[in-house]
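Each ligand, and each atom within it, is numbered from 1 in the order the structure gives. Starting from 1, each residue takes its place in the sequence as its number.
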Amino acid sequence: MTDTTFRFAPPRFAPPRFAPARFASVRFASVRFASVRFASVRFASVRFASARFAPPRFAPVPPCVGPLRVGRFASARFALARRALARWALGTVLDARVIGPLRATTIEDSRDHQSRRIMTSAAEHPALAAIRGRLVVSCQAYPGEPMRDPDTMCRVARAVAAGGAAGIRAQGLEDLRRIRAALDLPLIGLWKDGDGDVFITPTLDHALAVAATGADIVAVDGTCRPRPDGRTLAETVKAVHERTGRLVMADVSTYEEGIAAAEAGADVVGTTLSGYTAYSRPGPGPDLELVAGLARDLPVPVIAEGRVHTAEQAAAAVEAGAYAVVVGTAITHPTTITRWFADRVTRPGA
Ligand SMILES: CC(=O)N[C@H](C=O)[C@@H](O)[C@H](O)[C@H](O)COP(=O)(O)O
């Protein structure tokens with residue numbers, strides 16, 4: 001058994017409503033890392049000593065039933081355990097002791113409020129580390145369009161890679177296979193299918209097929225709407241993790257969906273669907289308020305995606321706390337870009 005201590009740096013930007021803990025420790029026992037990033041944990045005890053938990057008290061926590069991601073409040077089954085992790089996510093847990101065979105090592109990370117919440121650089125998946133603070137380009141053409149062709153999309157992906165894209169997001173199994181074979185960059189894969197409301201990688205079967213193309217991250221619909229195969233998001237994420245080891249990006253449309261997606265175990269949350277569900281905010285530009293809210297409150301990376309049309313908006317998304325920014329239309333969809341220009345140039349009535 002290894003005995004590893006995680007140290008979390010105190011928050012630089014502690015939300016004012018939470019008095020930072022003077023000391024808090026979370027003892028985990030029987031930690032089993034299934035992969036670099038995931039762990040099954042049983043809580044032994046949680047100890048708090050802070051302005052809010054005075055006098056210091058030791059609270060025994062019943063063992064967690066089932067897996068828990070270290071650093072998340074996601075699947076903790078017990079309120080106290082969840083609160084401990086929530087406090088960790090807020091940066092107020094200063095010390096956590098993990099006992100068990102562990103591959104991750106010491107954490108010293110307080111660079112910014114998103115990175116503070118991400119588990120550890122050692123445990124951060126390489127595909128995520130490679131896009132951190134960078135641009136991902138979505139290369140997609142729509143049914144019936146002239147560029148709807150895997151070879152063309154692969155060329156587009158190579159072109160944006162040459163321009164500095166740190167990652168690619170793409171749609172459709174054949175597009176993904178071609179792009180995977182041609183490029184070494186992190187690949188976010190999805191499969192748009194069906195004519196229902198839920199169309200971004202709508203079922204587990206779709207997700208498994210996307211994973212089989214070699215995509216590093218499988219993007220799925222992460223909204224609260226029922227999925228065509230009747231599975232919950234949590235069941236889908238769990239199955240993708242267990243059967244493929246791939247990361248899951250949940251495309252959401254609201255703050256509540258982002259929180260629920262993280263709790264369901266999604267590794268990454270994207271604001272992709274904001275404005276594209278009946279109940280979310282449509283707007284001409286990116287939903288930076290959503291980006292900022294989720295980046296502030298989630299312990300997982302938040303990717304800004306959707307209607308980022310200018311370099312300034314992309315920079316603003318990073319400023320708002322986005323872990324990475326995905327831009328599609330403004331870079332890879334010439335029909336729309338042309339229309340933007342044509343509409344401005346063409347005189348009314350011409
Ligand atoms: C809503 C939906 O179906 N979004 C899709 C998701 O993969 C794509 O059609 C978008 O192009 C992508 O999200 C990037 O966004 P934008 O093209 O706005 O930069």
Under 4.0 Å from a heavy atom of [X]: which atoms of ligand 1 are those, numbered in the order shown and with their elements?
{"X": "Tyr142", "result": "8 (C), 9 (O), 10 (C), 11 (O)"}
{"X": "Phe199", "result": "3 (O)"}
{"X": "Gly306", "result": "15 (O), 18 (O)"}
{"X": "Tyr276", "result": "1 (C)"}
{"X": "Arg169", "result": "6 (C), 7 (O)"}

Worksheet entry | Exercise: do Thr223 and Asp221 side chains pair donor with acceptor under 3.5 Å |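 Looking only at side-chain atoms, Asp221 and Thr223 do form a donor-acceptor pair, the distance falling under 3.5 Å.
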Worksheet item: Distance only, no hydrogens: is a donor on one side chain within 3.5 Å (strictly under) of an acceptor on the other, for Asp251 and Tyr276?
Response: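 Their side chains do not contain a donor-acceptor pair, so the 3.5 Å distance test is not met.
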Worksheet entry | His333, Gln171, Lys192: member with heavy atom nearest to atom 8 (C) of ligand 1 |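 Shortest heavy-atom distance from atom 8 (C) of ligand 1: Lys192.
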Is the closest N or O pair between [X] and ligand 1 shorter than 3.5 Å?
{"X": "Thr329", "answer": "yes"}
{"X": "Arg307", "answer": "yes"}
{"X": "Gly328", "answer": "yes"}

Worksheet item: Where is the tightest heavy-atom contact between Cys139 and Val160, given as atom of each residue plus distance?
Response: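 Looking at all heavy atoms of both residues, the closest pair is SG-CG2, 4.1 Å.
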Item to complete: Indicate the atoms forming the closest heavy-atom contact of Arg178 with Cys154, along with that distance.
Response: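 Minimum heavy-atom separation between Arg178 and Cys154: O-SG, 3.6 Å.
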Worksheet item: Are Lys238 and Glu235 ion-paired here, with the side-chain N under 4.0 Å from a carboxylate O?
Response: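 Looking at Glu235 together with Lys238, the answer is no, because their closest N to O distance does not fall below 4.0 Å.
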Worksheet entry | salt_bridge(Arg148, Asp175) N-O dist < 4.0 Å |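 Salt bridge flag = no for Asp175 with Arg148.
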Worksheet item: For ligand 1, is any non-hydrogen atom under 4.0 Å from Asp251's backbone (N, CA, C, O), its side chain (CB onward), both, or neither?
Response: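 The answer is neither.
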Discussion item. Can you report which non-hydrogen protein atom sits closest to atom 4 (N) of ligand 1, along with the distance?
Written reply: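 For atom 4 (N) of ligand 1, the nearest protein heavy atom comes out as Thr272 CG2, 4.0 Å.
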Practice prompt. Identify, for atom 14 (C) of ligand 1, the protein heavy atom at the shortest distance, and state residue, atom and that distance.
Written response: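 Among all protein heavy atoms, the one nearest atom 14 (C) of ligand 1 is Glu305 OE2, 3.6 Å.
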Discussion item. So, 4.0 Å and heavy atoms of Ala330: is ligand 1 close enough to count as a contact?
Written reply: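 Contact absent.
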If you count heavy atoms of other groups shown closer than 6.0 angstrom to [atom1] of [X], is the number above 12?
{"X": "Arg155", "atom1": "CZ", "result": "no"}
{"X": "Asp343", "atom1": "CG", "result": "yes"}
{"X": "Arg158", "atom1": "CZ", "result": "no"}

